[in-house]
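Inspection log for the structure reproduced underneath, given as structure tokens.
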2 protein chains.
Amino acid sequence: MRGPYEVEPAVTVPAADSRALPHPVREEIRLEGILHALSDPLRLQIVSRLAEAGQELSCSCFDLPVSKSTTTHHFRVLREAGVVRQVYRGTAKMNDLRRDDLDTLFPGLIDSVLDAAARQAARTATG
Amino acid sequence: MRGPYEVEPAVTVPAADSRALPHPVREEIRLEGILHALSDPLRLQIVSRLAEAGQELSCSCFDLPVSKSTTTHHFRVLREAGVVRQVYRGTAKMNDLRRDDLDTLFPGLIDSVLDAAARQAARTATG
DNA sequence: AAACTAGTACGATAGACCTCGTACTACGGC
DNA sequence: GCCGTAGTACGAGGTCTATCGTACTAGTTT
């Protein structure tokens, strides 16, 4: 319903929501949901890698020991819990930790869990 | 295999394990297990109350909105995950947060989760 | 010994969860 | 337009989870 004199939308903006994915807004994020999402070894590993990277990573660069559909499932759980933000970029689906929202809602929580995961990994490797 | 000249075990010790409950030793406690145990609203509530009390509490003083058998189930999950320590005292079964072990294994983790739980509770009550 | 209290054990049920394979869609490059 | 790559959708299987009720055990109290 654009009038004849309106400009075309800027090319950088509308491409973003052509295939938008549903995310909970900050206020909808529940602690129980976060803890449940992180209680799976694979998902904990994903989040650790994501935090370590400090930038968007595609689903495919994780090389998890499960099928593609299972991988999709785990990323969806993380997104629906509000732990990660997902956007399409071409054929890839990029994933990003929602640090801003999580740290605002629950200061220190994610860092503690990530630290705990790192400690456990070190303990397992060394022991 | 006690020899004829050995003394009887002290009476204060053996009474303790007459009805001992299986607990994971510190090294067996897994982060995923903790997070899973705390991802249930009822169990998170139990642990919050326990931390707040700072002392042993019996199962019955929690007054949870579920049946007795379900209550038993939740406390067992917490014990098997290594989150709480349980001992019998007469007819009561006392519960205690395993702060020492948890803080040693994963410093700051429990405090962060408890803080997060408190924030969420405050947010829900106020909002 | 009888009654009461606290919690367990067991079996059942319903729902959630992890996993998979197959068939499909969307985008990018040739 | 065609093919390859990235990921989805759907349905199914098997396991795990939360819940319950009923019947039971172990102390405590009277």
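Reminder, nothing fancy here: chain letters follow the sequence lines and each chain counts from 1. The figures that follow rest on heavy atoms only: side chains count, while hydrogens, waters and symmetry mates do not.
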Residues in residues 45-53 of chain A with a heavy atom under 4.0 Å of DNA chain C, by number, are none
Residues in residues 68-75 of chain A with a heavy atom under 4.0 Å of DNA chain C, by number, are Ser69(A), Thr70(A), His73(A), His74(A)
Checklist line | Cluster check Leu21(B), Val83(B): I/L/V/M/F/W/Y, side chain < 4.5 angstrom | finding: no
Nearest to the side chain of [X], heavy atoms from C-beta on, is which of [options]?
X: Leu42(B); options: dG7(D), dG7(C), dT19(D); result: dT19(D)
X: Ser67(A); options: dA9(D), dC20(C), dT17(D); result: dC20(C)
X: Thr91(B); options: dA6(C), dG7(D), dA6(D); result: dA6(C)

Residues at least two apart in sequence or cross-chain that pass side chain to side chain contact (heavy atoms under 4.5 Å, CB included) with Leu31(B), listed by chain then number, are Leu44(A), Ala116(A), Ala117(A), Gln120(A), Leu35(B), Phe106(B), Leu109(B)
Taking [atom1] from [X] and [atom2] from [N], how many angstroms apart are they, rounded to a whole number?
X: Glu32(A); N: dA16(C); atom1: CD; atom2: C1'; value: 16 Å
X: Leu64(B); N: dC20(D); atom1: CG; atom2: P; value: 11 Å
X: Asn95(A); N: dA6(D); atom1: CG; atom2: P; value: 14 Å

Residue pairs meeting ring-ring contact (aromatic ring centres under 6.0 Å, His included), one or both in residues 19-66 of chain B, sequence neighbours left out, come to Phe62(B)-Phe75(B)
*Short side-chain N/O contact to dG7(C) OP1/OP2 from Ser60(B), under 4.0 Å*: yes
* To do: Using only side-chain N and O atoms of Arg89(B), determine if any of them is under 4.0 Å from OP1 or OP2 of dG27(D).
  => no
Here the salt bridge (Lys or Arg N to Asp or Glu O under 4.0 Å) pairs for residues 56-80 of chain A, sequence neighbours left out, are Glu56(A)-Arg89(A)
Apart from Met94(B) itself, its cluster of hydrophobic side chains linked below 4.5 Å comprises Val87(B)
With a 4.0 Å cut-off on N to O distance, would you call Asp103(B) and Arg98(B) a salt bridge?
no
- prompt: Salt bridge or not for Asp101(B) and Arg26(B), using N-O below 4.0 Å?
  reply: yes
